[in-house]
Protein chains: 2
Amino acid sequence: MSEAELPEVTTTLVYRLGGLGAIASARFAAAVEPLGIRPKHVALMAVLSAGAAASQLELAQTLGVVASVVVGLTDRLEALGAVERLRDPDDRRRHRLSLTPAGRTLLASCTAAATALDAELTASLSPAEAQSLHRAVGVLASETGLPA
Amino acid sequence: MSEAELPEVTTTLVYRLGGLGAIASARFAAAVEPLGIRPKHVALMAVLSAGAAASQLELAQTLGVVASVVVGLTDRLEALGAVERLRDPDDRRRHRLSLTPAGRTLLASCTAAATALDAELTASLSPAEAQSLHRAVGVLASETGLPA
DNA sequence: GGGAACCGTTCGTAGGGAGAATGGTGGATC
DNA sequence: GATCCACCATTCTCCCTACGAACGGTTCCC
């Protein structure tokens, strides 16, 4: 194995994306923490807003977590008045979750915070670079099946 | 607050980077798991290889973890024969860590695995897109003070 | 030479998520 | 139409990871 020909592991995309993602998550978490929620709550609301899922089990699959986690997330959001748990009249086993107006406002605040972080993050990039980065990340996100 | 003008939170860079980073970390972890280590071990070896730190406390700061974590990581790597703990003769309180030849080989294997993942990840991107993505991520990585 | 500061290690602890067990509901089968 | 099986949400328990504090050993400063 010719080691000299390989680049440093720290310069690879997966490695840097891993570290960069951790930093991004931490910053986003810090940004939404004053709102009383964490990134997972935002993800749940985003899925709801997009109409990508309604029952908690669907939510769990979309978010890539176990059903019991969704319970806790929903508990929190319900306590904040951001989502409503309604028994599905067609199937009373399911809970049909829906965003309340307060939830939409909350989600909008999170979006605003994220947008501000974006600007801060890409400050050292040229507009063209930021644009291409955004595009490439979008491709990778859809490719890896991230909740859209 | 005019919500309609804002993009979806899921399309923001911080949000996608967070999710993408988690996936990248998971894939990288799965790739190095057969080698008996996890991403943090790779990071430690990379810092050592770059000569960016020698004492465990410096390692901790560079890696962004607590000193007690470095103990566990070093224990594992020492058991694998990848690093050596040597008392610093100048200051016998410190441990001067150094990569062994086996450690360099192990690190090279990790780099190879990461490179393979990179190719897999950027398969759906054009060479030009992949290039610009790599560049932009590099800028962000150095900007956010990621272990180089 | 004695006390304060530092380094590495160990121990205890808290937070997050996974998985199994429980209660309630719907559908199929006979 | 009654019974059994499958499904959804919830709760409970366990594990894993990282943090923070406490503890020996060592060095530096006065």
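So that the names make sense, note that chain A is the first sequence line, chain B the second, and so on, each numbered from 1.
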At under 4.0 Å between heavy atoms, what does R96(B) touch on the DNA or RNA strands: base, sugar-phosphate, or nothing?
nothing
CG of D91(B) versus C1' of dA5(C): gap in Å, rounded?
12 Å
Under 4.5 Å between side-chain heavy atoms, counting indirect links through other Ile/Leu/Val/Met/Phe/Trp/Tyr residues: same cluster for I23(A) and L13(B) or not?
no
Protein-nucleotide distance (E33(A), atom CD; dG15(C), atom C1'), rounded to Å
14 Å
Consider only side-chain N and O atoms of Q56(B) and R85(B), and report whether a donor and an acceptor are under 3.5 Å apart.
yes
side-chain N/O R85(B) vs dT9(C) OP1/OP2, d < 4.0 Å
yes
Rounded to the nearest Å, what distance is computed from the CG atom of residue L59(A) to the C1' atom of nucleotide dA9(D)?
12 Å
State, to 0.1 Å, how close R16(B) and G138(A) come at their nearest heavy-atom pair, and which atoms those are.
NH1-CA, 3.3 Å
Candidate nucleotides dT26(D), dT10(D), dT25(C), ranked by approach to the side chain of H95(A) - the nearest:
dT10(D)
Quiz item: R93(A) side-chain donor-acceptor pair to dC7(D) base, under 3.5 Å:
yes
Report the distance from atom CG of L86(B) to atom P of dT26(D), rounded to the nearest whole Å.
16 Å
Write down the distance between CZ (R94(B)) and P (dT27(D)), rounded to a whole number of angstrom.
11 Å
Just by distance, with hydrogens left out, do T100(B) and E84(B) show a side-chain donor and acceptor under 3.5 Å apart?
no
Checking side-chain contact (heavy atoms from CB on, under 4.5 Å) for the pair L133(B)/L140(A): CA distance, chi angles, key distance, verdict?
CA-CA 11 Å; L133(B) 172 64; L140(A) 262 52; 4.0 Å; yes
Answer yes or no: are there more than 12 heavy-atom neighbours, outside R87(A) itself, under 6.0 Å from its atom CZ?
yes
Classify every nucleotide of nucleotides 13-20 of chain D by which part a protein heavy atom approaches to under 4.0 Å, writing B for the base, S for the sugar-phosphate alone and - for neither, in 5'-to-3' order.
----SSBB
Quick one: D88(A) CG to dC8(D) C1', roughly how many Å, whole number?
11 Å
Between dA6(D) (C1') and L57(A) (CG): distance, integer Å:
13 Å
Roughly, in whole Å, what's the span from CG in L97(A) to C1' in dT10(D)?
14 Å
Checking R76(A) side chain against G36(A) main chain: does a donor-acceptor pair fall under 3.5 Å?
yes
